[in-house]
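One structure is given here, and the rest of the page talks about it.
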Amino acid sequence: MVRRLKARDERALRELYDALAPWVLGLAYRILQDEDDAEEVVGDVFAKVWRHVHKHDPRRGPLVPWVLSITRNRALDELRRRRRWWRKAERWEQVQGVDEEIENREPSESAVPGWPLHTEVHAALASLPEELRRVVTLAYFEGLSHSQIARRLRQPLGTVKTRLRTAHHKLTDQLAHLKDWLE
């Protein structure tokens, strides 16, 4: 089967799908507890198997455990993504609640905790050159690691680290006057 898959035999992929799809679906459903998400994982898993079958090393183990480990990892990624989405939704609801409170008060930016800091930070970010602002946004607002940023931007890791360091120095200089305000 592996040999046929590596030879790009689509019939082998269909046979593998027919044999393993119930197992893959069952494992994904057990992790996600959602049928639609589990079915989406099944499609992703077999697409990944097809794209990366050349990476499977039969000496390290049979095909089935390899496919199931891809399933587990993909389902856990989906679970993490879902949890991040729910946390963002909860924060959004909290912000909406704060916005409603603010609307009921006298309209004054000074009534919003941290508002001056917020505007200063965003102004400092806006003043950065695009290549620096982009790596800062990916690192601090999207939570990507340095290597993830390098992959996404298709840049060397050293370039990403240098740009983050440069941006950090520029932001530190531009926002130095806020240090006393925060303490």
Side-chain angles (χ1 to χ4, degrees), residues 1-101 114 118 121-122 125 130-131 133-161 163-164 167:
M1 176 73 72
V2 174
R3 191 175 65 252
R4 290 175 52 211
L5 288 167
K6 288 182 178 182
R8 311 307 287 166
D9 181 348
E10 291 181 14
R11 284 191 318 247
L13 180 63
R14 278 194 299 272
E15 290 170 21
L16 181 68
Y17 181 90
D18 290 343
L20 294 186
W23 290 20
V24 170
L25 181 62
L27 177 58
Y29 181 80
R30 184 173 182 98
I31 293 170
L32 297 169
Q33 297 298 305
D34 182 277
E35 194 171 321
D36 292 334
D37 287 346
E39 288 175 1
E40 188 172 321
V41 166
V42 171
D44 292 348
V45 165
F46 284 98
K48 187 169 186 169
V49 167
W50 183 246
R51 283 191 317 272
H52 299 288
V53 71
H54 63 279
K55 293 181 180 179
H56 176 260
D57 182 0
R59 294 175 303 207
R60 293 187 64 207
L63 184 64
V64 173
W66 183 69
V67 172
L68 293 177
S69 72
I70 292 172
T71 304
R72 178 185 172 277
N73 292 338
R74 177 61 187 86
L76 290 173
D77 287 346
E78 177 62 25
L79 191 60
R80 286 185 204 102
R81 185 201 60 77
R82 187 191 301 166
R83 287 178 181 157
R84 278 191 307 272
W85 187 89
W86 280 110
R87 282 194 304 269
K88 286 179 184 178
E90 288 170 0
R91 284 194 299 265
W92 175 252
E93 287 175 6
Q94 290 170 352
V95 167
Q96 291 300 94
V98 169
D99 286 347
E100 289 172 10
E101 277 181 40
H118 176 80
V121 169
H122 281 279
L125 277 171
E130 173 60 28
E131 67 273 2
R133 186 173 50 250
R134 191 150 188 220
V135 294
V136 168
T137 301
L138 292 171
Y140 292 98
F141 294 97
E142 292 189 30
L144 298 182
S145 69
H146 295 176
S147 24
Q148 289 170 323
I149 295 169
R151 279 193 301 274
R152 180 175 293 180
L153 298 179
R154 294 185 176 93
Q155 295 174 347
L157 182 59
T159 300
V160 169
K161 289 182 177 188
R163 287 183 177 167
L164 278 168

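Minimum heavy-atom separation, Leu138 to Arg152: CD2-NH1, 3.2 Å. Considering every non-hydrogen atom in both Leu27 and Leu68, the closest pair reads CD2-O, 3.5 Å. Residue Phe46 comes nearest to Leu13 through the heavy atom pair O-CD1, 4.2 Å, listed as atom of the first residue, atom of the second, then distance. Lys6 approaches Val53 most closely through the heavy-atom pair CE-O, 3.2 Å. Contact record, Ala28 with Val41: CB-CG1, 3.8 Å, taken as the closest heavy-atom pair. The heavy-atom pair separating Ala139 from Leu164 by the smallest distance is CB-CD2, 3.9 Å.
Applying the ring-ring contact (aromatic ring centres under 6.0 Å, His included) rule to Tyr29 yields no partners; only residues at least two apart in sequence or on another chain are considered. Applying the side-chain contact (heavy atoms from CB on, under 4.5 Å) criterion to Arg4, with sequence neighbours excluded, gives Asp9, Arg11, Ala12, Glu15.
Once rounded to the nearest 0.5 Å, the distance linking CG of Asp34 with CG of Leu79 reads 10.5 Å. Here the NE2-CG distance, from His54 to Leu5, works out to 13.0 Å after rounding to the nearest 0.5 Å. Remark: Thr159 OG1 to Ile149 CD1 distance equals 12.5 Å, nearest 0.5 Å. The CE atom of Met1 sits 8.0 Å away from atom CG of Leu20, with the distance rounded to the nearest 0.5 Å. Asp37 CG to Arg82 CZ: the interatomic distance, rounded to the nearest 0.5 Å, is 4.5 Å. Rounding to the nearest 0.5 angstrom, the gap separating the CG atom in Leu76 from the OG1 atom in Thr71 is 10.5 Å.
Residues Trp23 and Val67 fail the side-chain proximity criterion, which asks for heavy atoms closer than 4.5 Å. At least one side-chain heavy atom of Leu157 sits under 4.5 Å from a side-chain heavy atom of Lys161. Proximity of Val49 to Trp66: side-chain heavy atoms (C-beta onward) are separated by under 4.5 Å at one or more points.
Within a 6.0 Å sphere centred on CD of Glu130, heavy atoms belonging to other residues, nucleotides or ligands number more than 12. Heavy atoms of other residues, nucleotides or ligands lying less than 6.0 angstrom from CZ of Arg51 number more than 12.
The pair Arg134-Glu131 does not meet the salt-bridge criterion, since no charged nitrogen lies less than 4.0 angstrom from a carboxylate oxygen. Using a 4.0 Å cut-off between charged side-chain N and carboxylate O, Arg74 and Asp77 make no salt bridge.
Between the side chain of His146 and the backbone N or O of Gly158 there is no donor-acceptor pair closer than 3.5 Å.
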